[in-house]
Engineer: 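This is the structure, below, for whatever I ask next.
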Amino acid sequence: MDEAHDRAAAHDHVDIDRHVRAALFVFLALLVLTGFTVAAWTLHLPTRSAITLALLIAVVKGSLVAGWFMHLVSERRLIYWVLALTAAFFVPLLLIPVLTSSSALHR
């Protein structure tokens, strides 16, 4: 019984070390991406390019946070389908005001 307990404890220790290393990696990646955001601000890009770059960096950071800290990395496929369906409905909802306001401007 002691051998099984020792092996389980060693396995738990290795598993915890792996999770801590992954969390530190995600934390460092978020720090680096925050540095990229600040560096992008200092480039004085045109407005559209600056917004595009900032949103790209934010999407990567949001994906890291959702994947790791919200534990979506280890979820089942159903969660991904629900997420994809939500995104599929979200994008047209964002486009409705843009399309209606631009058509009203051209009248």
Side-chain angles (χ1 to χ4, degrees):
M1 183 88 169
D2 287 331
E3 274 184 50
H5 180 67
D6 290 342
R7 276 186 281 152
H11 178 70
D12 289 342
H13 181 67
V14 169
D15 197 39
I16 290 171
D17 284 345
R18 185 173 53 100
H19 283 289
V20 168
R21 270 186 267 125
L24 286 174
F25 175 76
V26 170
F27 175 70
L28 289 174
L30 289 171
L31 281 177
V32 168
L33 288 169
T34 300
F36 285 166
T37 304
V38 172
W41 178 73
T42 63
L43 293 176
H44 302 294
L45 296 171
T47 304
R48 285 185 181 226
S49 299
I51 290 173
T52 302
L53 182 61
L55 285 176
L56 181 66
I57 295 170
V59 164
V60 173
K61 287 169 57 175
S63 298
L64 282 172
V65 169
W68 182 254
F69 295 114
M70 295 173 67
H71 306 287
L72 292 180
V73 171
S74 60
E75 287 295 331
R76 298 186 188 265
R77 291 173 68 149
L78 176 65
I79 294 294
Y80 290 118
W81 281 105
V82 170
L83 186 62
L85 186 63
T86 302
F89 283 113
F90 182 69
V91 170
L93 284 174
L94 283 178
L95 290 177
I96 288 172
V98 172
L99 295 175
T100 57
S101 66
S102 67
S103 65
L105 291 175
H106 294 294
R107 286 184 193 177

Engineer: Same cluster or not: are V91 and L99 linked, directly or through other Ile, Leu, Val, Met, Phe, Trp or Tyr residues, by side-chain heavy atoms under 4.5 angstrom apart?
Structural biologist: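 Looking at the clustering, L99 is in the same group as V91.
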
Engineer: Check the surroundings of atom CZ in F27: do more than 12 heavy atoms from other residues, nucleotides or ligands lie under 6.0 Å from it?
Structural biologist: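 No, because the 6.0 Å sphere around CZ of F27 holds 12 heavy atoms or fewer from other groups.
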
Engineer: Can you measure from CG (L64) to CH2 (W68) and round to the nearest 0.5 angstrom?
Structural biologist: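 If we round to the nearest 0.5 Å, L64:CG and W68:CH2 are 11.0 Å apart.
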
Engineer: Distance from I51 atom CD1 to L56 atom CG, nearest 0.5 Å?
Structural biologist: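 One gets 13.5 Å once the value is rounded to the nearest 0.5 Å.
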
Engineer: According to a hydrophobic-cluster definition based on side-chain heavy atoms being under 4.5 Å apart (Ile, Leu, Val, Met, Phe, Trp, Tyr only), do L33 and W41 belong together?
Structural biologist: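 Result: no, two separate clusters.
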
Engineer: With sequence neighbours left out, what residues match R18 under side chain to side chain donor-acceptor pair (under 3.5 Å)?
Structural biologist: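 R18 satisfies side chain to side chain donor-acceptor pair (under 3.5 Å) with D15 once adjacent residues are dropped.
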
Engineer: Go through the structure and list residues passing side-chain contact (heavy atoms from CB on, under 4.5 Å) with L53, not counting sequence neighbours.
Structural biologist: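 Once residues adjacent in sequence are excluded, the partners of L53 under the side-chain contact (heavy atoms from CB on, under 4.5 Å) criterion are A40, L45, I57.
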
Engineer: Atom NE2 of H44 and atom OG1 of T42: how far apart are they, to the nearest 0.5 Å?
Structural biologist: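 It comes to 6.5 Å.
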
Engineer: Answer with yes or no whether the hydrophobic clustering places V32 together with L43; edges join I, L, V, M, F, W, Y residues whose side-chain heavy atoms lie under 4.5 Å apart.
Structural biologist: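 In one cluster with V32: L43, yes.
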
Engineer: Enter the distance from F90:CZ to L95:CG here, rounded to the nearest 0.5 Å.
Structural biologist: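 Separation between the atoms: 10.0 Å.
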
Engineer: Which salt bridge (Lys or Arg N to Asp or Glu O under 4.0 Å) pairs, counting each pair once, include a residue from residues 79-99, with sequence neighbours left out?
Structural biologist: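 Matches after skipping sequence neighbours: none remain.
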
Engineer: In Å, rounded to the nearest 0.5 Å, how long is the span from CZ of F25 to CG of L30?
Structural biologist: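 If I round to the nearest 0.5 Å, the distance is 10.0 Å.
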
